[in-house]
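What follows is a single structure, written as structure tokens, with notes after it.
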Amino acid sequence: MPQSFDVVVIGGGPGGYVAAIRAAQLGLATACVDEWQGADGKPALGGACTNVGCIPSKALLQSSENFEQAGHHFADHGVRVKGLELDLVQMLKRKDKVVKANNDGIVFLFKKNKIAFFHGRGSFMKAGGDGCEIAVKGAQNETLTAKNVIVATGSNPRALPGADFDEKLILSNDGALSLTEVPKRLGVIGAGVIGLEMGSVWRRLGSEVTILEALPAFLGAADEQIAREAWKIFTKQGLAIQLGVKISKISKSGKNISIQYGTSDISSKILECDRVIVSIGRSPNTEGLNAAGVGLKLDERGFIAVDEICRTNLPNVWAVGDVVRGPMLAHKAEEEGVAVAERIVGQHPHVDFNTVPWVIYTSPEIAWVGKTEQQLKAEGIEYRAGTFPFSANARARALGDTGGMVKFLADAKTDAILGVHIIGPFASELIAEAVVAMEFRATSEDIGMICHAHPSLSEAMKDAALAVDKRALNI
Ligand SMILES: Cc1cc2nc3c(=O)[nH]c(=O)nc-3n(C[C@H](O)[C@H](O)[C@H](O)COP(=O)(O)OP(=O)(O)OC[C@H]3O[C@@H](n4cnc5c(N)ncnc54)[C@H](O)[C@@H]3O)c2cc1C
């Protein structure tokens with residue numbers, strides 16, 4: 001006898017588990033099907049984000065930053081560390097513990113909200129106007145019927161043609177987060193968010209890191225001024241970054257990998273390394289859903305085709321997160337999940353991609369929201385810019401972390417904030433003020449008029465906002 005639900009969510013990552021919680025809060029009988037299995041063979045809710053993405057990467061970024069601080073910066077504070085040693089086994093154990101706490105947190109939330117959880121792969125048996133049937137294949141096979149289905153099956157790392165992941169020498173994000181020794185020479189293919197974060201972790205722990213990027217520009221999605229600053233800081237830290245790279249061959253021999261590539265000035269070069277992390281993007285995961293069988297439409301790039309409110313072509317079938325268009329970010333997936341649950345009960349939520357913040361958790365961190373200066377120029381929008389360096393901020397000096405800046409872009413006529421770009425300490429936290437400001441249609445003057453605590457990094461936000469009108473107070 002099939003179990004019946006108002007909503008069945010397929011996928012328990014940030015898009016899926018948050019959608020399930022919101023649906024349950026709204027009084028809908030809700031189930032979530034997720035197939036992720038931890039190293040112990042048990043269910044591990046939270047998707048790629050919790051298991052091999054956002055959470056373990058941030059745990060290792062923090063641990064490796066502590067190691068670097070102790071080795072290179074504590075002495076500035078008068079703290080001498082003798083016999084500093086890396087205990088990578090403990091570092092990885094701690095990372096696994098952080099992941100497990102998040103897995104368990106979601107189990108707790110499911111129980112609290114009375115969400116039925118099924119461990120296994122969910123696939124469509126039937127989808128139509130009179131409801132859907134989902135087969136769950138796992139330790140126990142089940143059939144679920146649902147008035148609504150939310151697909152949140154996420155994404156998988158993309159491999160380079162001819163260089164499949166073996167997770168020993170050629171690593172995806174998964175292998176890159178579990179290396180049991182620090183590679184002497186580490187190659188990273190792709191200077192996007194994941195490549196830069198993973199490269200930073202292993203550089204801090206002692207690897208010589210070379211990052212090869214196909215695009216001619218560094219951090220093309222970021223504001224150019226911020227990207228230039230990031231390039232200066234990262235290369236000074238010791239990351240070797242090559243742009244405009246075309247890889248012709250990757251070959252393995254014993255424990256060595258040779259990457260043959262060319263750039264615009266050099267026709268053929270070889271990078272020898274002990275490990276290579278391939279971080280060239282992620283592909284939507286629709287495998288095993290039986291999308292074709294029930295006529296669920298995919299777009300030309302393999303994403304589930306959805307409209308602006310995450311409706312698929314099938315009635316009462318929705319899709320959110322990495323498996324649909326838009327930025328592959330956990331918080332974007334969550335916002336879509338919440339919005340879909342609310343749509344199901346007839347509410348009218350809205351997800352504004354223009355106010356989705358972007359963060360790169362390198363050191364210094366990079367974060368932005370809204371338009372870049374180059375986008376405003378391309379769109380012919382007149383703007384005024386204000387910047388403020390952390391070197392002039394009292395709290396940054398006290399922290400000993402003065403690299404980077406805050407940059408505000410505001411409409412030349414109305415002063416409405418159009419974009420905020422930060423490179424510097426705790427940029428990931430500071431950006432929240434800019435998101436709130438943009439959601440409330442604030443002007444740069446509004447931010448300049450608000451009292452910010454002293455001494456705090458947030459004063460750099462106020463000063464950059466004031467700088468739009470050329471009246472920063474501290475520079
Ligand atoms: C190394 C790394 C670092 C990252 N850091 C950040 C960050 O700091 N901030 C940020 O915002 N984003 C980050 N991301 C991106 C973020 O992880 C994704 O955007 C996010 O996980 C997408 O959420 P999702 O719910 O769409 O999918 P996922 O998290 O991929 O979850 C999908 C779930 O569905 C399950 N599933 C798939 N098919 C089926 C099926 N048929 N039946 C049952 N279950 C199924 C999968 O097993 C998985 O558990 C990072 C990614 C990586 C790889």
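Start at 1 and go down the list; that is how both ligands and their atoms are numbered.
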For atom 33 (C) of ligand 1, the option (of D34, T50, V9, L61) bearing the nearest heavy atom: D34
Proximity winner for atom 16 (C) of ligand 1, if only heavy atoms of G53, C54, P284 are counted: C54
Parallel, tilted or perpendicular: rings of W231 and F218 (30°, 60°): perpendicular
Residue portion contacting ligand 1 (non-hydrogen atoms closer than 4.0 Å) for N51: neither
Atom 44 (N) of ligand 1: the protein heavy-atom neighbour that sits closest, reported with distance to 0.1 Å: E35 N, 3.2 Å
Partners meeting side chain to side chain contact (heavy atoms under 4.5 Å, CB included) with E229 (sequence neighbours left out): K232, I233, M405, I423
Pairs flagged by ring-ring contact (aromatic ring centres under 6.0 Å, His included) wherever residues 294-351 is involved - sequence neighbours left out: none
Nearest non-hydrogen protein atom, atom 15 (C) of ligand 1: M328 O, 3.7 Å
Partner of H421 under side-chain contact (heavy atoms from CB on, under 4.5 Å), chosen from L409, V406, V369: L409
Residue part near ligand 1, for N285, under 4.0 Å between non-hydrogen atoms: side chain
Contact partition for S155 relative to ligand 1, non-hydrogen atoms under 4.0 Å: backbone
From the candidates G321, P14, G138, G13, the one that places a heavy atom nearest atom 23 (O) of ligand 1: P14
Proximity to ligand 1 by part of D322, non-hydrogen separation under 4.0 Å: both
E272 CD: over 12 foreign heavy atoms closer than 6.0 Å: yes
Among S428, G337, G11, A152, closest by any non-hydrogen atom to atom 32 (C) of ligand 1: A152
For the student: nearest non-hydrogen atoms of D322 and L329, plus distance: OD1-N, 3.8 Å
Pick from W36, Y361, F124: the one approaching atom 47 (O) of ligand 1 most closely through a non-hydrogen atom: W36
Contact (N/O only, under 3.5 Å) between N173 and ligand 1: no
Atom 8 (O) of ligand 1: the protein heavy-atom neighbour that sits closest, reported with distance to 0.1 Å: K58 NZ, 2.6 Å
Polar proximity ligand 1 side, A333 side, N/O cut 3.5 Å exclusive: no
Region of M198 that comes within reach of ligand 1 [heavy atoms, distance under 4.0 Å]: neither
Atom indices of ligand 1 within 4.0 angstrom of G154 heavy atoms, with elements: 26 (O), 27 (O), 28 (P), 30 (O), 32 (C)
Location of contacts on K332 toward ligand 1, heavy atoms closer than 4.0 Å: neither
